[in-house]
Amino acid sequence: MYKDTVTAILTDERAAFEAFFGSEADAWATLEGISGAEQRAIEFHDVMSDAQERAAKLEAPALATLFHGTFLEHFDRFVSDAGGIRDAIRAGQADRALGTYERLRRGAFERLDFLADRLALIDG
């Protein structure tokens, strides 16, 4: 049950990342583009926050304790960065929003792949 729930959370996150960094990602990777991406940033933050809440409610089996700690930690960055992008856009600080967007974009999929690989190592 734990692995199924975590897999579902990671799948939802991957879909959110693909939407946020997908076909319009290059257009948003400009000061003008990121300035117009507030709604997408809000939606991305909402998905990341929801995933964080779902993950926090899980009770990890003994074999998944170390993984679970790592799993929860990654939300700190993702939720914080998503909120930072949203807040910077609202404040008219496109340069700050763009910097955070680019940093998050660089490692997002690798982080999700890392977590999926580690999850696969958990028995049961």
Side-chain angles (χ1 to χ4, degrees):
M1 175 97 165
Y2 176 81
K3 283 179 76 170
D4 292 341
T5 303
V6 171
T7 299
I9 291 169
L10 290 173
T11 300
D12 292 347
E13 281 186 272
R14 183 169 297 280
F17 278 112
E18 288 172 356
F20 196 55
F21 301 117
S23 61
E24 297 178 59
D26 290 334
W28 293 341
T30 65
L31 291 176
E32 184 178 297
I34 200 73
S35 295
E38 181 178 356
Q39 186 56 42
R40 291 283 194 158
I42 291 168
E43 292 167 2
F44 182 66
H45 183 262
D46 289 349
V47 170
M48 291 297 104
S49 295
D50 177 64
Q52 183 179 39
E53 288 177 27
R54 289 168 51 202
K57 291 178 182 176
L58 288 173
E59 187 171 325
L63 293 174
T65 303
L66 184 59
F67 168 82
H68 192 68
T70 302
F71 182 54
L72 293 176
E73 281 178 11
H74 95 272
F75 288 108
D76 292 339
R77 176 179 175 197
F78 289 164
V79 172
S80 175
D81 283 351
I85 293 167
R86 179 204 59 210
D87 294 344
I89 292 169
R90 287 179 176 167
Q93 299 172 342
D95 56 337
R96 187 176 68 140
L98 182 58
T100 304
Y101 178 82
E102 289 174 337
R103 182 173 48 82
L104 183 60
R105 183 179 177 186
R106 277 192 299 270
F109 290 104
E110 291 82 4
R111 184 71 173 160
L112 292 174
D113 290 343
F114 171 82
L115 289 169
D117 290 346
R118 294 305 173 264
L119 180 63
L121 299 175
I122 299 170
D123 292 327

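For reference, positions follow the sequence shown, starting with 1.
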Engineer: For Leu10 and Val6, what are the C-alpha separation, side-chain angles and deciding distance, and is it a side chain to side chain contact (heavy atoms under 4.5 Å, CB included)?
Structural biologist: CA-CA 6 Å; Leu10 290 173; Val6 171; 4.0 Å; yes

Engineer: Any non-hydrogen side-chain atom of His45 less than 4.5 Å from a side-chain atom of Phe20?
Structural biologist: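 Counting from C-beta outward, His45 and Phe20 never come under 4.5 Å.
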
Engineer: Determine whether Arg105 and Phe17 make a side-chain contact, defined as any pair of heavy atoms from C-beta on separated by less than 4.5 Å.
Structural biologist: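 Counting from C-beta outward, Arg105 and Phe17 never come under 4.5 Å.
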
Engineer: By side-chain contact (heavy atoms from CB on, under 4.5 Å), which residues pair with Arg96, not counting sequence neighbours?
Structural biologist: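 Expected list: Asp87, Ala88, Gln93.
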
Engineer: Which atom names give the shortest non-hydrogen contact between Ala97 and Ile89, and what distance separates them?
Structural biologist: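 Looks like CB-CG1, 3.8 Å.
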
Engineer: Would you indicate whether the side-chain heavy atoms of Arg54 and Phe75 approach each other to under 4.5 Å?
Structural biologist: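 The answer is no; the side chains never approach within 4.5 Å.
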
Engineer: List for me each residue that meets side-chain contact (heavy atoms from CB on, under 4.5 Å) alongside Thr100, sequence neighbours excluded, and say none if there are none.
Structural biologist: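 So Thr100 forms a side-chain contact (heavy atoms from CB on, under 4.5 Å) with Asp81, Ile85, Arg103.
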
Engineer: Is the count of non-hydrogen atoms from other residues, nucleotides or ligands lying under 6.0 Å from Glu110 atom CD greater than 12?
Structural biologist: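 Buried by this count: over 12 neighbours within 6.0 Å.
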
Engineer: Considering residues at least two apart in sequence or located in another chain, which fulfil the side chain to side chain donor-acceptor pair (under 3.5 Å) criterion with Asp95?
Structural biologist: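 Result, side chain to side chain donor-acceptor pair (under 3.5 Å) vs Asp95: none returned.
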
Engineer: Transitively linked via ILVMFWY side-chain contacts under 4.5 Å: Val79 with Ile42?
Structural biologist: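 No, separate clusters.
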
Engineer: Hey, what do you get for CG (Asp46) to CZ (Arg86), rounding to the nearest 0.5 Å?
Structural biologist: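 Reported to 0.5 Å precision, the distance equals 8.0 Å.
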
Engineer: Among residues at least two apart in sequence or on other chains, which ones pass side-chain contact (heavy atoms from CB on, under 4.5 Å) with Arg118?
Structural biologist: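 Checked Arg118 against side-chain contact (heavy atoms from CB on, under 4.5 Å); matches are Phe67, Phe114, Leu121.
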
Engineer: Where is the tightest heavy-atom contact between Ala16 and Val47, given as atom of each residue plus distance?
Structural biologist: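 That would be CB-CG1, 3.5 Å.
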
Engineer: Is it the case that atom CD in Glu32 sees more than 12 heavy atoms from other parts of the structure closer than 6.0 Å?
Structural biologist: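 Not buried by this count: 12 neighbours or fewer within 6.0 Å.
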
Engineer: From Phe71 CZ over to Tyr2 OH, what is the distance, rounded to the nearest 0.5 angstrom?
Structural biologist: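 Reported to 0.5 Å precision, the distance equals 6.0 Å.
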
Engineer: To the nearest 0.5 Å, what is the distance between NE2 (His68) and CG (Leu63)?
Structural biologist: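 Between His68 NE2 and Leu63 CG, I get 14.0 Å after rounding to 0.5 Å.
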
Engineer: Side chains of Arg111 and His74 only: does a donor on one sit below 3.5 Å from an acceptor on the other?
Structural biologist: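 Result is no, nothing qualifies.
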
Engineer: Can you find a pair of side-chain heavy atoms, one from Asp12 and one from Asp50, that are under 4.5 Å apart?
Structural biologist: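 Of all side-chain heavy-atom pairs linking Asp50 with Asp12, none is under 4.5 Å.
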
Engineer: Could you tell me which residues satisfy side-chain contact (heavy atoms from CB on, under 4.5 Å) with Glu53, sequence neighbours excluded, listed by chain and number?
Structural biologist: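 Scan of Glu53 (side-chain contact (heavy atoms from CB on, under 4.5 Å), adjacent residues dropped) gives none.
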
Engineer: Side chains of Glu102 and Ile34: closer than 4.5 Å at any heavy-atom pair?
Structural biologist: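 In short, these two side chains do not touch, never coming nearer than 4.5 Å.
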
Engineer: If every non-hydrogen atom of Lys3 is compared with every non-hydrogen atom of Leu119, which pair is closest and at what distance?
Structural biologist: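 What the structure gives for the nearest pair is CE-O, 3.4 Å.
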
Engineer: May I ask you to check whether over 12 heavy atoms, not counting those of Leu72, lie within 6.0 Å of atom CG?
Structural biologist: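 It does: Leu72 CG has more than 12 such atoms within range.
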
Engineer: Going by the rule side chain to side chain donor-acceptor pair (under 3.5 Å), which residues pair with Glu43 if we only count those two or more places apart in sequence or in a different chain?
Structural biologist: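 Scan of Glu43 (side chain to side chain donor-acceptor pair (under 3.5 Å), adjacent residues dropped) gives Gln39.
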
Engineer: Taking all heavy atoms of Ala55 and all of Ile9, pick out the closest pair and write down the distance.
Structural biologist: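 Shortest heavy-atom separation between Ala55 and Ile9 comes out as N-CD1, 3.8 Å.
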
Engineer: Taking all heavy atoms of Phe78 and all of Ala108, pick out the closest pair and write down the distance.
Structural biologist: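 The pair with the smallest heavy-atom distance is CZ-O, 4.3 Å.
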
Engineer: How long is the span from the OG1 atom in Thr65 to the CD1 atom in Ile122, to the nearest 0.5 Å?
Structural biologist: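 So the OG1 of Thr65 and the CD1 of Ile122 are separated by 9.0 Å.
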
